[in-house]
Amino acid sequence: MAEQTAPPEIPAGVASRTPGPGPGKPDAAVVRDALGVGVAVGLSGFAFGVTSAGAGLTLLQTCVLSLLVFTGASQFALVGAIAAGGNPMAAAAGAFFLGVRNAFYGLRLSQLLALPRWLRPLAAHWVIDETTAVALAQPTRRQIRIGFTVTGLTLYVLWNLTTLLGALGAEALGDTDAWGLDAAGPAVFLALLAPMLRTATERAAAGLAVLLGLGLLPVLPAGVPVLVAALAAPAVLWFKGRSPGGGGGSPAGPGAGTTGATGTGGGTPGATGAGTHPATDAGSGTDDATGPGAHRTKGQDR
Amino acid sequence: MNVWIAIAATAVGCYLVKYAGLLVPAHALERPLVQRLAALLPVALLAALTAQQTFSTGQTLVLDARAAGLAAAALALVLRAPFLVVVGAAVAVTAGVRALGG
């Protein structure tokens with residue numbers, strides 16, 4: 001099907017080449033997007049500082065968390081569990097489980113960024129939701145690197161500064177929930193997620209993940225439901241592979257064709273290998289990986 | 001002291017999983033299935049996190065002002081508002097609903 005003929009416009013070359021015909025994107029736009037995410041999310045370190053101080057952690061503990069853990073959801077999970085009176089080690093386990101998702105981001109980023117070996121230990125610290133989302137949304141390797149670096153740097157600096165301010169200002173604010181700061185986290189996640197919901201595949205995975213995450217929340221230890229919810233991704237892919245109509249057209253229907261095409265492009269930069277043997281996996285064409293989706297996306301929002 | 005141990009464990013664990021992702025050799029990722037999975041996993045994880053942070057407190061499911069805040073964020077996204085506006089709308093609406101006794 002369409003996918004096999006493959007995306008003429010997006011070939012593996014993307015990485016090295018300049019933007020394609022269509023959506024050319026100046027570096028300045030990448031920087032602007034990256035700064036937007038970095039600043040907005042960086043400012044929400046304030047909410048973390050406040051929450052952590054409110055949970056009874058010292059100023060130093062709060063700041064060390066932001067400096068060394070630097071993955072917001074895990075930090076919130078840790079101080080939340082400690083505030084709830086949980087066993088600190090159980091709290092750490094929950095935070096760790098939440099952090100495991102970053103390994104999957106790293107899988108994808110390592111292809112797209114293609115960093116030299118010596119740089120990886122440093123870059124690893126910045127492998128989080130936001131840097132991944134911004135990086136995946138870029139069309140070329142150069143811009144992927146710019147997006148990752150600018151988002152990472154801005155976010156790291158601001159997140160730590162605002163953590164400090166939040167922890168210092170916690171007392172002054174009083175009841176921080178009254179300020180609605182607890183809604184900042186989910187809003188950030190939603191903004192990162194929205195551009196990825198291009199096709200039926202992504203939407204199905206997201207919907208199933210929500211059901212699993214919420215349904216299991218009351219019965220499994222903190223952090224575990226999110227990991228189980230991650231199984232929505234393989235589940236949806238498996239189901240897609242099975243569904244009549246084959247790996248090809250399936251449910252996505254109209255959307256599938258187009259996205260598939262554009263998709264492959266985005267995904268390709270690092271994925272040259274895959275691109276070269278499309279035949280190996282007929283069913284796969286479908287996929288319209290997320291990366292690409294995001295790529296398309298980018299232009300539209302933010 | 002216990003808290004410090006928990007912080008250290010979290011910091012080390014979270015760093016190692018980040019690094020591990022970057023270290024997986026490229027050939028392990030050539031299979032299209034693996035690639036599609038790696039692309040789809042963040043979608044599932046972000047969706048689950050968003051839902052949990054909006055509709056739960058600890059291990060209890062709740063429907064409170066955060067839901068209104070998230071709805072505002074969603075609306076802002078549909079209207080293609082910039083990132084800061086999206087987050088700001090969520091915070092402001094949540095605070096507003098709470099102020100009204102929601």
Side-chain angles (χ1 to χ4, degrees), chain A residues 36-37 40 68-69 71 73-74 78 84 88 91-92 95-96 99-104 106-108 110 120 124 127 178-180 183-194 196 202 205-206 209-210 213-214 217-218 226 229-230 232-233 237 271 273-274 281 284 287 289-291 301-302, chain B residues 2-7 9-11 13-15 17-24 26 29-30 32-33 35-56 58-61 66 69-70 73-74 77 80 82-84 86-87 90-95 98:
Chain A
V37 174
L68 299 186
V69 175
T71 174
S74 292
L78 183 72
F96 172 77
V100 168
R101 73 186 186 288
N102 291 325
F104 295 115
L107 279 182
R108 189 120 178 92
S110 72
R120 288 182 200 174
V127 174
W179 295 79
V188 165
F189 288 137
L190 185 68
L192 293 173
L193 175 65
M196 296 183 182
E202 279 92 27
V210 166
L214 291 182
L217 186 83
V226 171
L237 287 180
D281 161 276
S284 73
D287 76 315
T290 323
D301 37 272
R302 299 210 172 116
Chain B
N2 266 339
V3 172
W4 274 117
I5 295 173
I7 289 172
T10 303
C14 285
Y15 177 77
V17 290
K18 290 177 188 173
Y19 192 33
L22 287 182
L23 282 188
V24 173
L29 298 167
E30 274 175 17
L33 181 65
Q35 298 196 347
R36 267 172 298 144
L37 198 53
L40 200 55
L41 275 168
V43 174
L45 286 163
L46 281 174
L49 278 174
T50 307
Q52 287 192 357
Q53 294 192 6
T54 306
F55 299 107
S56 72
Q59 283 189 258
T60 313
L61 297 182
R66 284 172 297 177
L70 200 72
L77 280 168
R80 313 246 167 111
F83 198 88
L84 264 178
V86 172
V87 178
V91 169
V93 168
T94 303
R98 287 210 176 106

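Order of the sequence lines sets the chain letters (A, B, ...), proteins ahead of strands, with each chain counted from 1. Quick caveat: nothing in here was measured; it's all calculated off a predicted structure.
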Next on the checklist: Please classify the contact of L217(A) with chain B as side chain, backbone, both or neither, using a heavy-atom distance under 4.5 Å.
Outcome noted: both
Item to check | A92(B) portion near chain A, given a 4.5 angstrom heavy-atom threshold | outcome: neither
Checklist outcome for this item: Comparing A40(A), A187(A), G99(A), A92(A) against chain B, the one with the most heavy-atom pairs below 4.5 Å turns out to be A40(A)
Checklist entry - What do the steps show when you test R108(A) against L41(B) for side-chain contact (heavy atoms from CB on, under 4.5 Å), and what is the final call? => result CA-CA 10 Å; R108(A) 189 120 178 92; L41(B) 275 168; over 6 Å; no
Checklist outcome for this item: In terms of heavy-atom pairs under 4.5 Å with chain A, the winner among V93(B), L37(B), V86(B) is L37(B)
Next on the checklist: I'd like to know which of L22(B), T10(B), V17(B) tops the heavy-atom pair count under 4.5 Å against chain A.
Outcome noted: L22(B)
Next on the checklist: Please check: side-chain N/O of S110(A) versus main-chain N/O of L107(A), any donor-acceptor pairing under 3.5 Å?
Outcome noted: yes
Item to check | Worked verdict on V226(A) versus Q52(B) for side-chain contact (heavy atoms from CB on, under 4.5 Å) | outcome: CA-CA 8 Å; V226(A) 171; Q52(B) 287 192 357; 3.3 Å; yes
Checklist entry - So which of A51(B), A73(B), A20(B), A9(B) has the biggest tally of heavy-atom pairs under 4.5 Å with chain A? => result A51(B)
Checklist entry - Looking at G36(A), S74(A), A232(A), P218(A), which has the largest count of heavy-atom pairs under 4.5 Å with chain B? => result P218(A)
Checklist entry - What part of A91(A) is in contact with chain B, defined as an atom under 4.5 angstrom from a non-hydrogen atom: side chain, backbone, both or neither? => result neither
Item to check | Closest-packed option against chain B by number of heavy-atom pairs under 4.5 Å, given L214(A), V210(A), L78(A) | outcome: L214(A)
